[in-house]
Amino acid sequence: MRVEHITVVVPAHDEEALLPRCLEGVRAAARAVSVPVTTVVVLDGCTDGSEAVVRRADVDVVVLGARNVGAARRAGFDSVAPRPHEWFATTDADSRVPAHWLSSHLQHASRGAQLVAGTVAVTDWSGWPDHVRSRYGSAYRSGAAHGHVHGASLGFSADLYRAVGGFAALPAHEDVDLVQRMVGRGANVVWSIDAPVETSARVGARAPQGFATYLEGLRDR
């Protein structure tokens with residue numbers, strides 16, 4: 001697939017502290033590719049200083065009050081006009097993509113990928129007992145065909161995205177739902193391991209049934 005433009009969508013709910021680092025990572029990834037990159041931050045029900053952070057950045061901003069991550073990702077992609085040869089990518093406001101994240105997507109797309117599902121890595125386990133890190137490492141498959149779906153590291157053809165109806169307004173697992181519909185349509189999927197995204201393991205869930213909830217389950221089992 002030839003890619004002539006990339007749109008990156010970042011949903012955010014009260015992420016004033018982590019948004020600058022997230023956007024710094026996306027900017028670095030954008031500088032590493034030769035095509036234009038548009039970044040859209042969706043401020044969903046924010047009551048902190050997240051808006052001030054994004055207004056100082058060179059990004060497009062969508063303001064929403066849904067308090068729903070699926071609706072936020074959808075609103076971000078709906079905000080851009082259709083372009084030919086477009087690639088869509090999404091990450092999370094509490095995550096930092098590596099500098100080669102988008103170039104990795106372009107490489108996979110050039111070989112025919114329509115969907116790139118990447119892995120995540122946790123570097124800061126403070127706040128969690130040692131056994132949580134151990135259990136997480138034992139359970140997480142990071143090899144080829146890993147099968148993980150993370151909203152923090154997804155990329156896909158804009159045409160494919162629209163063909164399956166886009167993100168559903170789900171409060172959790174909106175990423176899994178989208179990927180399942182894409183796979184069901186016969187998409188050419190790459191389960192990427194070459195650009196893991198650093199994600200937060202903070203205590204206290206922001207999204208129902210999100211990553212923090214998963215870690216709480218590892219802690220308590």
Side-chain angles (χ1 to χ4, degrees), residues 6-15 17-30 37 39-44 50 54 59 68-77 87-105 108 113 115-125 128 133 136-137 139-142 146-156 161 166-168 170-180 182 189-216 218:
I6 300 171
T7 294
V8 179
V9 168
V10 182
H13 170 66
D14 288 347
E15 294 288 4
L18 296 178
L19 255 176
R21 190 167 177 274
C22 168
L23 295 179
E24 180 183 319
V26 174
R27 281 193 297 270
V37 178
T39 301
V40 182
V41 178
V42 183
L43 300 171
D44 187 14
S50 293
V54 297
V59 300
N68 180 295
V69 67
R73 291 197 208 274
R74 184 184 187 95
F77 289 118
W87 186 261
F88 282 167
T90 188
T91 188
D92 290 336
D94 67 346
S95 302
R96 181 186 173 103
V97 303
H100 64 292
W101 185 58
L102 293 178
S103 58
S104 166
H105 284 207
H108 292 305
L115 166 63
V116 177
T119 56
V120 297
V122 177
T123 58
D124 182 5
W125 287 97
W128 295 99
R133 179 175 186 173
Y136 175 81
Y140 195 85
R141 303 189 310 277
S142 58
H146 54 78
H148 297 295
V149 176
H150 300 287
S153 186
L154 277 181
F156 33 80
Y161 175 81
F167 278 106
L170 299 174
H173 307 311
E174 81 294 341
D175 44 6
V176 175
D177 170 72
L178 179 74
V179 168
Q180 287 177 342
M182 289 178 169
V189 185
V190 170
W191 301 99
S192 172
I193 60 173
D194 56 10
V197 171
E198 183 181 334
T199 196
S200 168
R202 62 188 169 195
V203 178
R206 294 290 181 93
Q209 303 177 53
F211 191 55
T213 301
Y214 172 70
L215 295 179
E216 288 168 0
L218 294 179

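Everything numeric here is computed off the predicted structure, so don't read it as measured data.
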Checking side-chain contact (heavy atoms from CB on, under 4.5 Å) for the pair M182/V189: CA distance, chi angles, key distance, verdict?
CA-CA 9 Å; M182 289 178 169; V189 185; over 6 Å; no
Does any part of the side chain of T199, heavy atoms only, come nearer than 4.5 Å to the side chain of H150, both counted from C-beta?
no
Minimal non-hydrogen separation, A12 against A93, with atom names:
CB-CB, 3.8 Å
side-chain hydrogen bond (donor to acceptor under 3.5 Å, both in side chains) filter on D194, not counting sequence neighbours, yields S104, H108, S192
Shortest non-hydrogen pair, A168 vs D177, comes out as CB-OD2, 3.7 Å
Do the non-hydrogen side-chain atoms of L178 and Y161 ever get within less than 4.5 Å of each other?
yes
Any donor-acceptor N/O pair, S50 side chain to E15 backbone, under 3.5 Å:
yes
Looking at every non-hydrogen atom in both residues, tell me the closest pair between G151 and D175 and how far apart they are.
N-OD2, 2.8 Å
Going from CG on L19 to CG on L43, what distance comes out if it is rounded to the nearest 0.5 angstrom?
7.5 Å
Checking ring pair (Phe, Tyr, Trp, His ring centres under 6.0 Å) for the pair F167/F88: CA distance, chi angles, key distance, verdict?
CA-CA 12 Å; F167 278 106; F88 282 167; 9.6 Å; no
Can you tell me if S103 uses its side chain to pair, donor with acceptor, with the backbone of H100 under 3.5 Å?
yes
Nearest heavy-atom contact between W101 and S153 is NE1-OG, 3.2 Å
Check whether any side-chain N or O of H13 sits under 3.5 Å from a backbone N or O of D44 as a donor-acceptor pair, and report yes or no.
yes
For S95 and V197, the nearest pair of non-hydrogen atoms, with its separation, is CB-CG1, 3.8 Å
Minimum-distance pair of heavy atoms, taken over all atoms of A113 and W87:
O-CZ3, 3.7 Å
I'd like to know if the side chain of D92 and the backbone of D94 have a donor-acceptor N/O pair within less than 3.5 Å.
no
Derivation of the side-chain contact (heavy atoms from CB on, under 4.5 Å) call for F156 and V179:
CA-CA 9 Å; F156 33 80; V179 168; over 6 Å; no
Please confirm whether the backbone N or O of T91 pairs with a side-chain atom of R73, one donor and one acceptor, at under 3.5 Å?
yes
Just do the side-chain contact (heavy atoms from CB on, under 4.5 Å) check on V37 and L102 with the steps written out, would you?
CA-CA 9 Å; V37 178; L102 293 178; 4.1 Å; yes
Would you mind reporting whether V97 and C22 have side-chain heavy atoms less than 4.5 Å apart?
no
List the steps, then state whether side-chain contact (heavy atoms from CB on, under 4.5 Å) holds for L115 with W191.
CA-CA 8 Å; L115 166 63; W191 301 99; 5.9 Å; no
Just to verify, which of V10, V42, L23, V40 counts as forming a side-chain contact (heavy atoms from CB on, under 4.5 Å) with V54?
L23
SB check R21 E198 (cutoff 4.0 Å)
yes
